[in-house]
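Reviewing the structure listed below.
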There are 2 protein chains.
Amino acid sequence: MIKMRCLVRVPNRGGAEALKLFCFRLWSDIFSDGTNGMTDLNNDLFKSIDPARRGTTSEGVIAQLREMIHRGDLRPGDRLPPERDLAKLLGVSRPTLRSGIHSLAAVGILQSRQGAGTFVVKSDGSPSLDANSLRLMASLHGFTTAEMFEARQALEMAISYLAAGRATSDQIATMAEEITGMYASLDDPEQYLIHDMHFHQTIAAASGNRILTALMNMIASILLDVRRKTVHRSRDLKESAEMHRRIYRAIRERNPEEARNAMRDHLTSAQMAQESEEEEEGGPTDATGNGNHDPD
Amino acid sequence: MIKMRCLVRVPNRGGAEALKLFCFRLWSDIFSDGTNGMTDLNNDLFKSIDPARRGTTSEGVIAQLREMIHRGDLRPGDRLPPERDLAKLLGVSRPTLRSGIHSLAAVGILQSRQGAGTFVVKSDGSPSLDANSLRLMASLHGFTTAEMFEARQALEMAISYLAAGRATSDQIATMAEEITGMYASLDDPEQYLIHDMHFHQTIAAASGNRILTALMNMIASILLDVRRKTVHRSRDLKESAEMHRRIYRAIRERNPEEARNAMRDHLTSAQMAQESEEEEEGGPTDATGNGNHDPD
DNA sequence: CCGCCTTAGTGGTCATACCTTTGAAAGCTT
DNA sequence: AAGCTTTCAAAGGTATGACCACTAAGGCGG
C-alpha cells in the first residue's frame, strides 16, 4: 500500500489562518503492494471531482473508490475492506467514508449487507442502471407517460434492429419460448406481462449492446409500474401476441428493417391500448410511478 | 401543512428490548390524502430497490424525500430545511439524514452547498442525468467505445427523426448558427467541437423528448472525454461540417427519414474518424473516460 | 457426524463536538 | 450618505466514540 501525504496551506480569509492537513492515499493494489512509489505530491490526479467544489473529503472518497474501479482493483463481486479499516486506509473518518459508500450505492455500484460487508455489485447477466434517478427526474419535471413511451419506442426500435443482425440461435429459441408462453397465458394478464417482459429483455440481450439494454430496462421498469395498475383490464392480448410474433419472425429471418418496423408498430399499439385502459380507470397521465416500497 | 405521526413498536430480539421510534409523516398541502390503495403484488421481477433489505432507516429517509418530491412538496430550486431541523422532523439522527441526502445528491437530485443549504437541483434548460453511474458501469463491465458510439447513434437517430417533425423555427435558426460557427472554426478543432456539441444539443431540444435528450447527454458526456483527447488531431472537419449541414437541411425541410439517415451517416463517419485518430495516438479502446464532467 | 449455540466481525445508527464556508447585517471609512 | 469592510450567526462538513443488529463461521454438545 502506498501512502502519500501532502500538506497544503490554505489561507483563510479571516485573521486566523490555519494549516490544513490534506492527506490522500493511493494504493495501487488493494491490499498487496509493496513498492513505495512516492510521486510528486501536488500532482492533482484528482480532477475527477467537480471543479467548483473539490474540497469536500467525502467527494474525495468517492473519487478514490471510482479510481479503484477504473483501475480494475475493484471488480464486480469483490468485497471491500471493512469500513473501519478502509476509513483508516483512506485517512478519513468513518461517517465520511460511509457517505461516499452510500453515494456509490445510490447509483447502483456498491451494495452493503449488514453483518456481511460491502460489495461491488455483480452483474446478474446484463448490467443495469438504477431507475430511481430517472423516476425522480420524471416527478420533478413532470414527464408524461407519452414521453416515456416514445423514449422506450426509440430505444427498442434500435435494439430490435441490432438484434436482427446479431441474435444467436439460442436467443431466438428463447424468444420463441416466451411467445409460446404468451399464447398460453392469454387469459392471465399478469402472467402474460411477465412473458412479455422476458421477450423484450431477450431481444435486448440479443442486440449485443449492453448500454442500450440498460437504458431500455431503466425506462421499462418505470413504465412497468404504470402498466401494472391497469394490467388486469388488458384485453386484445391475442393481438399483442401476434405482433410479438411478427417481431420474432423478422429477427429470425435477419431482417433488421422489418424488425424495427414491427417493434414500432407493436409499441405504438401497446401505448394506445395502455392509454385507453387508463382512461377507463380514470387514472392520470403522470409518469410518476410511485416507488411504493414501504416497510410492510 | 399537515403532519401525521405514527408510532410503531418493533420488538428486539436481544434481552434488552427497545422501543423503536419509527415515525413517518405525510405531507400534503390539502388534506386530500385518504387511503393509499396499493395492491402489493409481490412481483419482484424488478429491482427498483433491493427487495431483501428495505428496513434501514437511511433508506427510509430516502423514501421520505422521494415521497416529498413525488408529491410535489419539493420542487426544483427549493431549499430543504436545515439538516438539524430536518433530522428532528424526520425523527432520525443527523448522520443518517446526511446519508440519505448524499445518496440523493449522488443521483443528481439534490445539491448541498456548505454554508448555504441543500437544494433540489433545478433544471437549467433540460434535465440531465448524472453520467457517473454509467461511467462506472462502463469501467466495471468493460464497455467499449464502439458500444458507446452505437448507443449514441441509436439515440441520436431517433432524436433527429423526432426533431424533423417538431423543431421550431427558433431552434432551426440556432442550428444554422452553430453550423456557421463550425465552418468558421474549421482550423480550430476545440472550438469546432463546441459548436458540434451545441448543434447536437439543439437537435435534442428540438426533439421535444427530454428523456431521450437526457440519455443522449449522458452518453455524449462520456464520449466527449474520449474525444477531447484526440481532438487536436482532428482533420476533415470540413467534411464533418457538410454532414451536419445535411442533417440541418433535412430537419428544416421536415424530412424525418432523411434526418435520421443523415445522422446515422454522420455518426458512423465520426466514429471511424475517431478510431483512426485513436489508432494514431496508440490509445486504448476502453470506454472509461475518467471523470471530468464539466459543469457547463 | 450433525445441529444448535456462541462469538467475533461488520454494517447501521446515534450523539456530540468542532471546523469551514457562506451570506447578510452591522460598523467603519471615505 | 454611499460604499466597503468587518463581524457573526446559520448551515453544511468532518471527526470521535459508542452502542445496536445482523451475519457467518467456529466451537460445543448431542
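First the proteins, then the strands, lettered A, B, ... as listed; each starts at 1.
- His102(A) meets the ring pair (Phe, Tyr, Trp, His ring centres under 6.0 Å) test with no other residue; sequence neighbours excluded.
- The NE2-C1' distance, from His102(B) to dG12(C), rounds to 17 Å in whole Å.
- Considering only residues two or more places apart in sequence or on other chains, Arg94(A) meets the salt bridge (charged side-chain N to carboxylate O under 4.0 Å, His left out) condition with Glu83(A).
- For the side-chain contact (heavy atoms from CB on, under 4.5 Å) with Leu65(B), the lone residue among Ile109(B), Leu104(B), Val120(B) that qualifies is Leu104(B).
- By the side-chain contact (heavy atoms from CB on, under 4.5 Å) test, Ala214(B) is found to be paired with Leu129(B), residues two or more places apart in sequence or in another chain being considered.
- Scanning for side chain to side chain donor-acceptor pair (under 3.5 Å) contacts around Thr118(A) gives Ser112(A), with sequence neighbours left out.
- Residues passing the side-chain contact (heavy atoms from CB on, under 4.5 Å) test with Val121(B) are Gln111(B), sequence neighbours excluded.
- Atom CG of Leu110(B) and atom C1' of dG13(D) are 16 Å apart (whole Å).
- The side chain of Thr96(B) contributes an N or O atom lying less than 4.0 Å from OP1 or OP2 of dC14(C).
- A close approach under 4.0 Å does occur between a side-chain nitrogen or oxygen of Thr57(B) and OP1 or OP2 of dT13(C).
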Atom pairs under 3.5 Å, N or O on each side, protein against nucleotides 8-11 of chain C: can you list them with distances?
{"unit_1": "dG11(C)", "atom_1": "OP2", "unit_2": "Glu83(A)", "atom_2": "N", "d": "2.7"}
{"unit_1": "dG11(C)", "atom_1": "N7", "unit_2": "Arg84(A)", "atom_2": "NH1", "d": "3.0"}
{"unit_1": "dG11(C)", "atom_1": "O6", "unit_2": "Arg84(A)", "atom_2": "NH2", "d": "3.2"}
{"unit_1": "dG11(C)", "atom_1": "N2", "unit_2": "Gln114(A)", "atom_2": "OE1", "d": "3.4"}

